[in-house]
Every structure is written in C-alpha cells, then in structure tokens.
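Here is the structure we will look at, set down as structure tokens.
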Amino acid sequence: MFTGIITDIGRVGSVRPPSEDRLEDLRVEIETGFDLDEVEIGASICCSGVCLTVVEKLAAKQSVGNQFAVEISGESLSQTTLGSWGVGTSVNLERSLKVGDELGGHFVFGHVDGLASVVDVQPDGGSERWVFAAPTELMSFIAAKGSVALDGVSLTVNTVEENRFGINLISHTRTATTFGQRKIGDHINLEIDMLARYVRRSMGDFSR
C-alpha cells in the first residue's frame, strides 16, 4: 500500500525482454536515489503507479547509481504504460507505506485500472489545469473533490464532465514527479480511489 506521494524520480537503466526459450517476464533495472540497504528483496515499490516487487539489488558502478531490478508480467504490460519504457525513461517511485507513516495523499494500491490520456494543459493562476480523458467505464468512479492516482501521484479531482476530468498541478508537483516531462497526447496510468470502488459495489454494481 502507498500514499501517492512521490519520493524519488528513478531512471530506467536497462530493459531485458523475455527470452523465447524459457518462461520469464520482462526484466527492468531502475536507478534510484533510495538507500537500497533499507530495501529488502521482495519489497514492493510503486513505479509510476504500478506496484512491483524488487527481485535484485545492484550496487552503483561508475556513472550508474544504485539500481533495483523488477520483473513485469504480460498482464501488467497490457494494462499499463510500462511496455513503452526504454533506457532513460523517468519513473515516479514510492516505497510502500509503513505503519505510523504520515498519510499525505490517499490510499494507493498500485493496481492500475486503465489508461488516461492528457487532452489539455492550461495556466491557472500559479498552477496548471490538466484535463484527462479516461475510459467511459471508469468515469463513474471519478468524482469532483475525490482522489485519483496518476502515474502513482495522488491528485484531487476538480472537475468531471462526460469522459473527462480535470486536476490542478502546483509547480512542486511538476518538478518532484515526471509530470514536468508529460505533454498533450501522453498516456498516464490511472488508479481510481479504492473507496469509490467499494461504495459503487455496495450500491449493487458488481461489474468491477
């Protein structure tokens, strides 16, 4: 479980596709500023909104910092943007929540529900108003003043209209996450608020 508060922007150091002669998943090594002595093998790290398991730790060498390796299943590749990762891709990183930690965002599980796309970015005072298009089947879970996780970032929804919703990004969020590198047309990993999911189910909708 996570909070949607990004604590590091990692960088993809290598990508190894699955081998044809044996069953395996896509392996990605991610460079990070985290102290990996504090990260156990098998620990969960939220990587741009996707909960992934650390399978190996690699010590820093020359110009490459500490890296951890993850393996990404075909299911995750089909539901997220991770299949587009290449060497140099920036990744929002958050370590899993510990009991007693400050909950600065909202409960994020790292289970991506679908992809949103950036359709508009406009100045709005000292911040920016971003508008996203989302799959129609997910829009009923998105409400004004509710929460969503976009590429792992906890954000508050300001407006909802048909299949679009808007949020405001302050300058800190743009610089402390990969949003500073996003542009119109980009796809973003979207996780709806878990509370909205269960409220919807309690009302008799068993589709999700």
Side-chain angles (χ1 to χ4, degrees), residues 1-7 44-53 70 72-85 90-97 101-121 124 127-170 173-174 176-179 181-208:
M1 186 180 293
F2 309 91
T3 69
I5 304 300
I6 304 305
T7 51
S44 295
I45 294 180
C46 193
C47 302
S48 288
V50 184
C51 179
L52 297 174
T53 300
V70 296
I72 306 172
S73 70
E75 172 67 15
S76 293
L77 293 174
S78 69
Q79 299 295 321
T80 71
T81 62
L82 274 57
S84 66
W85 282 2
S90 296
V91 182
N92 290 325
L93 299 177
E94 181 189 358
R95 293 184 58 189
S96 57
L97 183 65
D101 283 353
E102 180 180 354
L103 183 60
H106 72 285
F107 286 125
V108 174
F109 291 81
H111 303 157
V112 172
D113 294 287
L115 298 181
S117 58
V118 183
V119 295
D120 192 36
V121 180
D124 189 6
S127 61
E128 290 179 341
R129 173 63 60 91
W130 288 57
V131 178
F132 300 87
T136 301
E137 64 271 18
L138 296 181
M139 285 303 301
S140 61
F141 296 92
I142 299 175
K145 306 309 176 185
S147 297
V148 291
L150 297 174
D151 274 354
V153 183
S154 174
L155 294 164
T156 300
V157 177
N158 288 329
T159 59
V160 177
E161 184 176 354
E162 297 181 347
N163 73 324
R164 297 186 176 190
F165 65 93
I167 59 97
N168 274 60
L169 283 184
I170 61 173
T173 304
R174 294 197 307 272
T177 72
T178 58
F179 269 102
Q181 304 171 31
R182 296 302 182 201
K183 61 185 183 300
I184 293 174
D186 282 356
H187 288 96
I188 306 288
N189 293 320
L190 166 64
E191 179 185 332
I192 58 177
D193 187 352
M194 186 60 68
L195 293 177
R197 185 194 307 275
Y198 283 112
V199 167
R200 176 72 175 272
R201 189 169 179 83
S202 71
M203 295 173 66
D205 184 339
F206 301 105
S207 60
R208 296 190 65 83

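These numbers come from a predicted model, not from an experiment.
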### Query
Only one of V131, I184, N163 forms a side-chain contact (heavy atoms from CB on, under 4.5 Å) with V119, so which one is it?
V131
### Query
Going by the angle between their ring planes, with limits at 30° and 60°, are F132 and F165 parallel, tilted or perpendicular?
parallel
### Query
Could you state the interatomic distance from CD1 (I167) to OG1 (T156), rounded to the nearest 0.5 Å?
9.0 Å
### Task
For T173, enumerate each residue passing the side chain to side chain contact (heavy atoms under 4.5 Å, CB included) test, keeping only those at least two apart in sequence or located in another chain.
V153, L155, L169, I170, T177
### Query
Parallel, tilted or perpendicular: which describes the rings of H111 and F109, with under 30° parallel and over 60° perpendicular?
tilted
### Message
Quick one, C47 with L93, criterion side-chain contact (heavy atoms from CB on, under 4.5 Å). Give me CA distance, side-chain angles, the key distance, then yes/no.
### Response
CA-CA 5 Å; C47 302; L93 299 177; 3.8 Å; yes
### Message
Holding to side chain to side chain contact (heavy atoms under 4.5 Å, CB included), I want the full list of residues that pass it with S90, two or more places apart in sequence or in another chain.
### Response
I9, T178, Q181
### Task
Write down the atom of S48, the atom of W85, and the distance for their closest heavy-atom approach.
CB-CZ2, 4.2 Å
### Query
Roughly how far, to the nearest 0.5 Å, is SG of C51 from CD of E191?
9.5 Å
### Partners passing salt bridge (Lys or Arg N to Asp or Glu O under 4.0 Å) against D124 (at least two apart in sequence or in another chain)
R129
#### Entry: F2 side chain near E94 side chain, heavy-atom distance below 4.5 Å
yes
### Query
Roughly how far, to the nearest 0.5 Å, is CG of D113 from CG of L138?
5.5 Å
### Query
How would you list, by chain and number, every residue that makes a side chain to side chain contact (heavy atoms under 4.5 Å, CB included) with T53, sequence neighbours excluded?
none
### Message
How long is the straight-line distance from CZ of F141 back to CG of L190, given to the nearest 0.5 Å?
### Response
11.0 Å
### Query
Who passes salt bridge (Lys or Arg N to Asp or Glu O under 4.0 Å) against R95, sequence neighbours left out?
E38
### Query
Does some side-chain heavy atom of L77 sit less than 4.5 Å from a side-chain heavy atom of L82?
yes
### Task
Using the test side chain to side chain contact (heavy atoms under 4.5 Å, CB included), find all partners of E75 that sit at least two apart in sequence or belong to another chain.
S73, S78, Q79
### Task
Using distance alone, with no hydrogens and no angle criterion, decide if H106 and S154 have a side-chain donor and acceptor under 3.5 Å apart.
yes
### Summary
The reported gap from CG in N189 to CG in L150 (rounded to nearest 0.5 angstrom) is 9.0 Å
## Note on the structure
Looking only at heavy atoms, the pair that brings V157 and A143 closest together is CB-O, 3.4 Å
### Task
Apply side-chain contact (heavy atoms from CB on, under 4.5 Å) to K145 and N158, showing your working.
CA-CA 6 Å; K145 306 309 176 185; N158 288 329; 3.9 Å; yes
#### Entry: Test: D120 and R164 ion pair at under 4.0 Å
no
### Message
What verdict does the side-chain contact (heavy atoms from CB on, under 4.5 Å) test give for V50 and I72, after you've listed the backbone C-alpha separation in whole Å, the side-chain angles of each residue and the deciding distance to 0.1 Å?
### Response
CA-CA 10 Å; V50 184; I72 306 172; over 6 Å; no
### Task
Apply the test side-chain contact (heavy atoms from CB on, under 4.5 Å) to residues W130 and R182: give CA-CA distance (whole Å), side-chain angles for both, the deciding distance (0.1 Å), then the verdict.
CA-CA 11 Å; W130 288 57; R182 296 302 182 201; 3.8 Å; yes
### Polar side chain donor-acceptor pair, D151 to N92, under 3.5 angstrom
no
### Task
Would you give the length of the straight line joining atom CD of E161 to atom CE of M139, rounded to the nearest 0.5 angstrom?
9.5 Å
